[in-house]
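These notes are about the structure you will find just below.
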Amino acid sequence: MPKSIEIRTPDADTLRITKEPYYHAIREEKSIFEAAYRAKVPVLLKGPTGCGKTRFVSHMAYQLKRPLITVACHEDLTASDLIGRYLLQNDTLVWSDGPMTAAVRMGAILYLDELVEARKDTTVAIHPLTDHRRSLSIDKLATTLKAPEEFMLVVSYNPGYQSIRKEMKPSTRQRFVSLGFKYPDPKVEATIITKESGVNENTAAQLSQLAVNIRALSERGLEEGVSTRLLVHAARLIHEGIPPLSACQSAFSNTLSDDSMLQEAILQLCQDYF
Ligand code: ADP
């Protein structure tokens, strides 16, 4: 028999963001997020991969001075992974808080990235945190935690990426207010590229225009257009001295598609610009 039970939870100070993450606001997402935080309304960030959702949450966590706990959801992620589990260490039974329990205890911002990827039982755990109860039930500790004022739940969802099987159910979706994200317009995207990579404005403008054209290839079967993240990656290679065409070929044509026709089409677009 174990001699005692110990509860382990992370230190909130290690989860604080100490340096302001650069985030270029696109519309009124900051004021809506702040209002949702004050009003204790959970937020759903909806948009394609690499368009700034994660960066936005870390920026807001910094602004609101809250610790941030991020979970990249995947198909094996269960409610227990989020809530916590017992471990036996020597003669001590240790309860180790999962990220959701830790976030509730410390009044953090909990960001569940791609929530629909997770197992279904995770939604059961989330629901009481998203309504007037604002509570988390931990059966294994025979307790229910009431979320403090500062706790906020944020989830993300990429509508273009999920299979129909993994669409977010209305009963879950309607618990959130949604902020729609899309790739910024070329002028703003060029500013972000310059700031994030150090390339000059001219190169950044060419990359952002090239992105507009690559994204238009969705009509020819390209599953997802080039993300802002990938543009920044290409720009960083250029900043490191890689010739722009080689950088674009590595970052775009090889990454975005395995289809040789599409790769060729992307490469041709790159050649138009570099
Ligand atoms: P997502 O979470 O939507 O997949 P990220 O937030 O990780 O995407 O964004 C990917 C990268 O794109 C960031 O690391 C950053 O370099 C850049 N980025 C995209 N949008 C913005 C923005 N509005 N302001 C600053 N950087 C941005």
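Because only heavy atoms are used, hydrogens play no part in the values below, and waters and symmetry mates are left out as well, while side chains stay in. As the structure lists them, so they are numbered: ligands from 1, and atoms in each ligand from 1. Predicted, not measured: the structure shown is a model, and the values here were computed from it.
- Residues passing the side chain to side chain donor-acceptor pair (under 3.5 Å) test with Ser246, sequence neighbours excluded: none.
- Set against the non-hydrogen atoms of Thr54, the atoms of ligand 1 under 4.0 Å away are 1 (P), 2 (O), 6 (O), 7 (O).
- Distances below 4.0 Å separate heavy atoms of Ile192 from the following atoms of ligand 1: 18 (N), 21 (C), 22 (C), 23 (N), 24 (N), 25 (C), 26 (N), 27 (C).
- Close approach of ligand 1 to Tyr23 is summarised as follows: ligand atoms under 4.0 Å from at least one heavy atom of the residue are 22 (C), 23 (N), 24 (N), 25 (C).
- At a heavy-atom distance under 4.0 Å, atoms from both the backbone and the side chain of Arg55 approach ligand 1.
- Within the set Gly52, Pro48, Ser227, the minimum heavy-atom distance to atom 19 (C) of ligand 1 is found for Gly52.
- Listed by chain and residue number, Arg16 satisfy the salt bridge (Lys or Arg N to Asp or Glu O under 4.0 Å) test with Asp13 (two or more places apart in sequence, or in another chain).
- Using bins of under 30°, 30° to 60° and over 60° for the plane-to-plane angle, the ring pair Phe56/Phe33 lands in the perpendicular bin.
- Set against the non-hydrogen atoms of Tyr22, the atoms of ligand 1 under 4.0 Å away are 25 (C).
- At least one test fails for Arg134 against the ring of Phe151: distance under 6.0 Å to the centre or angle within 45° of the axis.
- Numbered from 1 in the order shown, with element, the atoms of ligand 1 that lie under 4.0 Å from a heavy atom of His24 read 22 (C), 23 (N), 24 (N), 25 (C).
- Counting non-hydrogen atoms of neighbouring residues, nucleotides and ligands closer than 6.0 angstrom, the CG atom of Asn90 reaches no more than 12 such neighbours.
- Because its NZ or CZ atom is both nearer than 6.0 Å to the ring centre of Tyr22 and within 45° of the ring axis, Lys195 counts as a cation-pi partner of that residue.
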